[in-house]
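Only heavy atoms go into these numbers, but all of them, side chains included; no hydrogens, no water, no symmetry mates.
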Amino acid sequence: METWRALHLMLDRLPVALGDQLQSDSGLSLVEYYVLAMLSDAPEHTLRMSRLASLANAELSRLSHLMARLEKRGLVRRAPDPSDGRFTNAMLTDVGYAYLVRAAPGHVASVRRFVLDTLAPDAQHALRSAARAITDALGGESCEPSATC
């Protein structure tokens with residue numbers, strides 16, 4: 001029970017702390033930042049909306065609203081998939097990539113401060129193994145944008 005409570009508290013507080021830093025420093029929510037980061041990591045900075053929704057753990061309708069907000073800021077754009085017009089691609093714009101590059105150092109510093117710097121290397125390895133085991137037990141797709149499903 002102590003392990004579960006500690007995990008629950010961390011899962012509750014960590015996204016808030018990371019989101020507060022991002023909002024304060026760059027005007028991005030945590031999910032907006034990760035959507036931009038996933039597009040940045042994808043080939044040609046492009047992913048199908050359905051794949052991006054899966055990676056962001058968001059319903060397609062929620063992702064569409066988020067993308068509309070990011071499009072208004074010029075950070076992303078959407079277009080029909082040229083290989084299959086039934087699908088829509090999400091693309092990171094040059095402006096969006098530059099914005100992400102500016103936002104990343106503050107986010108990385110927060111991740112280091114709240115997670116990596118608080119753990120010895122062996123504890124980091126144990127956390128990574130535990131997180132992977134829990135994620136595997138939950139099933140679903142890989143969290144890597146370039147993974148095939």
Side-chain angles (χ1 to χ4, degrees), residues 4-116 119 124-149:
W4 170 244
R5 285 184 179 158
L7 177 63
H8 185 270
L9 190 59
M10 181 202 66
L11 291 173
D12 188 50
R13 290 186 180 176
L14 184 59
V16 172
L18 295 174
D20 286 350
Q21 175 275 317
L22 281 166
Q23 191 64 50
S24 174
D25 290 358
S26 61
L28 292 170
S29 70
L30 189 59
V31 69
E32 288 170 336
Y33 177 86
Y34 277 102
V35 162
L36 296 177
M38 285 181 254
L39 288 171
S40 171
D41 289 342
E44 299 180 29
H45 296 176
T46 301
L47 287 169
R48 279 187 177 169
M49 286 286 290
S50 55
R51 176 74 176 133
L52 186 57
S54 177
L55 291 169
N57 196 30
E59 293 178 3
L60 198 51
S61 61
R62 179 177 177 231
L63 179 63
S64 291
H65 291 293
L66 183 145
M67 291 296 289
R69 290 191 309 270
L70 294 175
E71 277 181 308
K72 286 180 185 175
R73 295 169 69 180
L75 305 178
V76 299
R77 67 183 185 89
R78 290 180 279 185
D81 186 329
S83 67
D84 188 339
R86 296 174 297 168
F87 295 98
T88 300
N89 283 339
M91 293 155 278
L92 184 64
T93 64
D94 291 342
V95 170
Y97 182 77
Y99 201 88
L100 179 65
V101 167
R102 285 191 305 276
H107 178 66
V108 169
S110 289
V111 169
R112 286 189 183 283
R113 177 177 165 220
F114 295 129
V115 181
L116 302 176
L119 300 172
Q124 289 181 30
H125 294 294
L127 178 60
R128 181 174 52 244
S129 294
R132 285 180 177 161
I134 292 167
T135 302
D136 288 347
L138 293 170
E141 298 181 40
S142 164
C143 62
E144 299 300 321
S146 60
T148 56
C149 300

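- Within 6.0 Å of atom CZ in Arg73, more than 12 heavy atoms from other residues, nucleotides or ligands are found, so the atom counts as buried in its surroundings.
- Within 6.0 Å of CG in Asp12 there are more than 12 heavy atoms belonging to other residues, nucleotides or ligands.
- Inter-residue side-chain proximity for Met91 and Arg77 is flagged as met; some heavy-atom pair is nearer than 4.5 Å.
- For the pair Ser40 (side chain) and Leu36 (backbone), a donor-acceptor distance under 3.5 Å is absent.
- With hydrogens and angles left out, the side-chain atoms of Arg62 and His65 include no donor and acceptor closer than 3.5 Å.
- Side-chain contact between Leu55 and Arg51 is present, with heavy atoms from C-beta onward closer than 4.5 Å.
- Listed for the Gln124 side chain is a donor-acceptor partner under 3.5 Å among the backbone atoms of Leu116.
- Distance alone, capped at 3.5 Å, places no donor-acceptor pair between the Gln21 side chain and the Ser110 backbone.
- Taking 4.5 Å as the limit, some side-chain heavy atom of Asp81 sits within range of a side-chain heavy atom of Arg48.
- With hydrogens and angles disregarded, no donor-acceptor distance shorter than 3.5 Å links the side chain of Thr135 to the backbone of Ala133.
- Using a 4.5 Å heavy-atom cutoff, the side chains of Val115 and Leu127 are in contact.
- Atom OG of Ser29 is separated from atom CZ of Arg69 by 6.5 Å, given to the nearest 0.5 angstrom.
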If you apply the rule side-chain contact (heavy atoms from CB on, under 4.5 Å), what do you find for Met49 with Asn89, and how did you get there? CA-CA 5 Å; Met49 286 286 290; Asn89 283 339; over 6 Å; no
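- In terms of modelled atom types and a separation under 3.5 Å, the side chain of Glu71 and the main chain of Arg78 share a donor-acceptor contact.
- Note that the CG atom of Leu28 and the CG atom of Leu100 stand 8.0 Å from one another [nearest 0.5 Å].
- When all heavy atoms of Ser50 and Phe87 are compared, the pair lying nearest together is OG-CD2, 4.5 Å.
- At a threshold of 4.5 Å between non-hydrogen side-chain atoms, the residues His8 and Arg13 do not count as touching.
- No side-chain heavy atom of Thr46 sits less than 4.5 Å from a side-chain heavy atom of Leu39.
- The nearest pair of heavy atoms linking Phe114 to Ala17 is CE1-CB, 3.8 Å.
- To the nearest 0.5 angstrom, Leu47 atom CG is 13.0 Å from Thr88 atom OG1.
- Leu11 and Pro15 make their closest contact through O-CD, 3.1 Å (heavy atoms, listed as atom of the first residue, atom of the second, distance).
- Ring-plane geometry between His107 and Tyr34 is classed as perpendicular, the angle between the planes exceeding 60 degrees on a 0 to 90 degree scale with a lower cut at 30.
- Open room surrounds OH on Tyr97; 12 or fewer heavy atoms of other groups in view lie less than 6.0 Å from it.
- Between the side chain of Thr93 and the main chain of Leu75, a donor-acceptor pair closer than 3.5 Å is present.
- For Asn57, the CG atom is loosely surrounded, since the number of other residues' heavy atoms within 6.0 Å does not exceed 12.
- Atom CZ of Arg128 has more than 12 heavy atoms from other residues, nucleotides or ligands within 6.0 Å.
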Practice task
Would you sort out whether Met38 and Leu52 count as a side-chain contact (heavy atoms from CB on, under 4.5 Å), showing the intermediate values?
Solution key: CA-CA 8 Å; Met38 285 181 254; Leu52 186 57; 4.0 Å; yes
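- Remark: side-chain polar atoms of Ser26 are paired, donor with acceptor, to backbone N or O of Leu22 under 3.5 angstrom.
- Residue Leu60 comes nearest to Ala53 through the heavy atom pair CD1-CB, 4.0 Å, listed as atom of the first residue, atom of the second, then distance.
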